[in-house]
Amino acid sequence: MSASVSQYVLKVCSRCDLACDHCYVYEHADQSWRAKPRFIAWATAARAAKRIREHAESHRLDTVHVVLHGGEPLLLGHDGLREILSSLRSSIDPVTQLDLRIHTNGVLLDEKLCALFADYGVQVGVSLDGDRPANDRHRRFSDGRSSYAQVRRALSLLRKTEYRHLYAGILCTVDVRNDPIAVYEALLVEAPPRLDLLLPHATWDQPPDRPPGTLRPYADWLGKLHSRWVADGRPVPIRYFDSLLAAWQGRPSGSEAVGLDPVDLLVIETDGAWEQADSLKTAYENAPATGFNIFAHSVDEAAAHPGVASRQDGIAALCSTCRECHVVRACGGGLYAHRYRSDNGFDNPSVYCEDLKVLIPQVVSRPRNVPMTSLPESDPAASHSLPEGAFELLSAGPGNPAAMASLAESYWSVTRALVAQVASGLDGEGGDLGRAAVEGWTLLSALDAERPEAVREVLTYPYVQAWAMQCLSPGKSADLDLDYAHLAGLAASAAVRAGIETELTLPVRDGSIYLPSVGALAVGTGTGRTSAVRISPSGLSTRDGSLAWQSVRHVTAGDLSITVEDIDPFRDCNAWAPSGRLSSATWKDWRLGLAAAVRQLTAELPAYASVICTGLRSIVPMRPGVVGQRQSGTAQQAFGALALVLPDDVETLSGLLIHEMQHVKLTALCDLFDLFDREDRRRFPVPWRADPRPVEAVLHGTYAHLALADLWRSRSARTPHGEARRLFLMYRSWVDKGIDALLNVGTLTPHGERFVHGMRSAVEAWGS
Ligand code: SF4
Ligand code: SF4
């Protein structure tokens, strides 16, 4: 069976009201338009709809895309278009999702047509070549008049609130004699939801215009526009660049102009002829023809035409020069038509080859500017906001889930900025590891634009900030190239979460590759410093097929869903000694213990439990018996994480959880607000330790013991005269003494005083 086809260009009119001198329909080699009916007949359109429907049904296609095209399709008029749209909708809608579009020069677009397109759900794309001088260079009426004003009026119609949802974007044909920045700025003024850039169609017989004295003018022109677009923060998707990136990353390019995707497109002419892509009109007379038509031949028959079938073979169908090219994955040999030479057909590189070889590396591996775009730095104003009353709720002990979520939000901003800062240090040096880092960052940035929730899920994993800090702190990293290449691991994790297929080179660390928050793959120590991995929705695989996979383990209990992290290479946070991979028996103890502790806390202190369930993402098992190590801890650079040695009993474990989560919250709060004078180096006696402590430690200790006092207060309510009450009174006295010390030392800021008075109010509310 032939390949399925999901994209159709339906020519509804073979003439145009403009006479653009760069038009490949009328001005290039194929002049077959002269013999075509001016307009498609209704019966032809209905038959086309039937063919598309049959094919969608037999191939069980989820979606088909139909673009009404010309010439100029609006010449068909309102009623003619309505008949065709109605026919397409009534025929195809019942069997599959129909994505209907029209591509126009815009000259005739009016309110009535916009209303028609709104009725039939038709997206409208418009051609515009940039500012007035650029557009007037080619896009004129036959008498030489400019079409610029009419096209801009059409675009202003599409920007109206009632039609904005129909606005598909702008297609701009490149002319290197235009100023790329002026073109870019003029296109942005039209607020398109998407832009596409089209290289003027050309072949080796009819090469593109190259002004005297220029070597690779198309690389220069597109490179300048790309640089400006990146520096601006990629304010609008530009399909040509996005497609190159996607193809480079092993994803479908979504464009016949680049990449190695099989061809999935047929054209239906106004006489019902099945044809190949219109761009072939530039090659020779009748180049797009297949000899098939919709009356006698099905889509399957047309798709079996050798010209279509030969373009299903990916890299194997390319010439030997392209097959060996280092950018072939993105380029794909360029647009098929651009390879044509009359003496050997299409067995050539693109006539734009020299430009593509220069442009593509810029587009796919230019990380320095990407942070400004895909991972913007945090907005300090936004990060300093807490919901109304959240500060008071936090100062009283537990806070609430909304307050916890907003602390997490502020950390997210910080982590994005840190990751972007790491990436800004990439220079492509460092051999395979350097390339892995660049490739990873490129993918991460692209995913951030397309699947931001997947990127966020990975970058908010607590040990990501610990990793970034290690990269950015001089002397902390023992192997900076290896650490930077962890960007590829982050990208791989985001790709897994996004469910996309791609291939990535990942750093090998101690014989394994790591996907933070997802798992690790043992590839052995003899494989070099990197390993290529194929990522697909069904899992991971390496080139040699080896797959010793360890998943990150999860505990889910009630509203709690956290990882027990025993594999992430940055889980020590430079703060504690982590255990290695837990044995099955030890893991079972952790799983059951944590579930029991959360259940117990939910019964005893539901307010604290709900905040833990909101803000805790991960726990690192600490190696027991390490001299000088406490039994639990948190790290400033790992928001949402804590580490502990699993105690023998649930009561102690639940106490450790609420104790450490107090540190997590207060650390975040101290990042948002100045609570005390950080220049104050004095130390103060505290009842819970023998050695005097700095003010920050007094504050942290008091806040942690506030939660423990509350816990034992709750427990003592059930056993009033036992050990629980003794512990409640002890912790409460520690809190009282801590508060007194803090209020007396004169080092608190107004925010700090507010916070400490909040703790005091909570204690006083307990009574005696
Ligand atoms: S508007 Fe399009 S179809 Fe019409 S002449 Fe110009 S390029 Fe050709
Ligand atoms: S850059 Fe040139 S050689 Fe490389 S794939 Fe593209 S057309 Fe072929």
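Throughout, numbering of the chain's residues begins at 1 and tracks the sequence. Remember, it's 1-based here, ligands and their atoms both numbered in the order they're listed. What's counted below: heavy atoms across the whole structure, side chains too, no hydrogens, waters or symmetry copies.
Atom-to-atom distance recorded for Asp209:CG and Gln206:CD is 12.0 Å, nearest 0.5 angstrom.
Between the side chain of Arg101 and the backbone N or O of Val124, no donor-acceptor pair lies under 3.5 Å. Within the 3.5 Å criterion, the main-chain N or O of Ser342 finds a donor-acceptor partner in the side chain of Asp205. Between the side chain of Arg139 and the main chain of Leu18, no donor-acceptor pair closer than 3.5 Å is present.
Residues satisfying the salt bridge (charged side-chain N to carboxylate O under 4.0 Å, His left out) criterion with Asp30, sequence neighbours excluded, are Lys281.
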Ignoring hydrogens and angles, write down the donor-acceptor pairs under 3.5 Å from the side chains of residues 34-45, residues two or more places apart or on other chains.
from, atom 1, to, atom 2, distance (Å)
Arg34, NE, Gln31, OE1, 3.0
Arg34, NH2, Gln31, OE1, 3.0
Lys36, NZ, Asp271, OD2, 3.2

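Aromatic ring orientation, Trp274 versus Tyr8: tilted (interplanar angle from 30° to 60°). Ring pair Tyr284/Tyr340 is tilted by interplanar angle, where 30° to 60° counts as tilted.
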Residues Lys11, Glu275; criterion salt bridge (Lys or Arg N to Asp or Glu O under 4.0 Å); working and verdict: CA-CA 10 Å; Lys11 299 294 195 83; Glu275 293 206 341; over 6 Å; no
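Excluding waters, the set of protein N, O or S atoms lying under 2.8 Å from atom 6 (Fe) of ligand 2 comprises Cys331 SG. Protein N/O/S atoms closer than 2.8 Å to atom 4 (Fe) of ligand 1, listed by chain and residue number, are Cys16 SG.
No hydrogens or angles considered: nothing links the side chains of Glu27 and His22 as a donor-acceptor pair under 3.5 Å.
Counting only heavy atoms of the protein, atom 2 (Fe) of ligand 1 lies nearest to Arg139 NH2, 4.0 Å.
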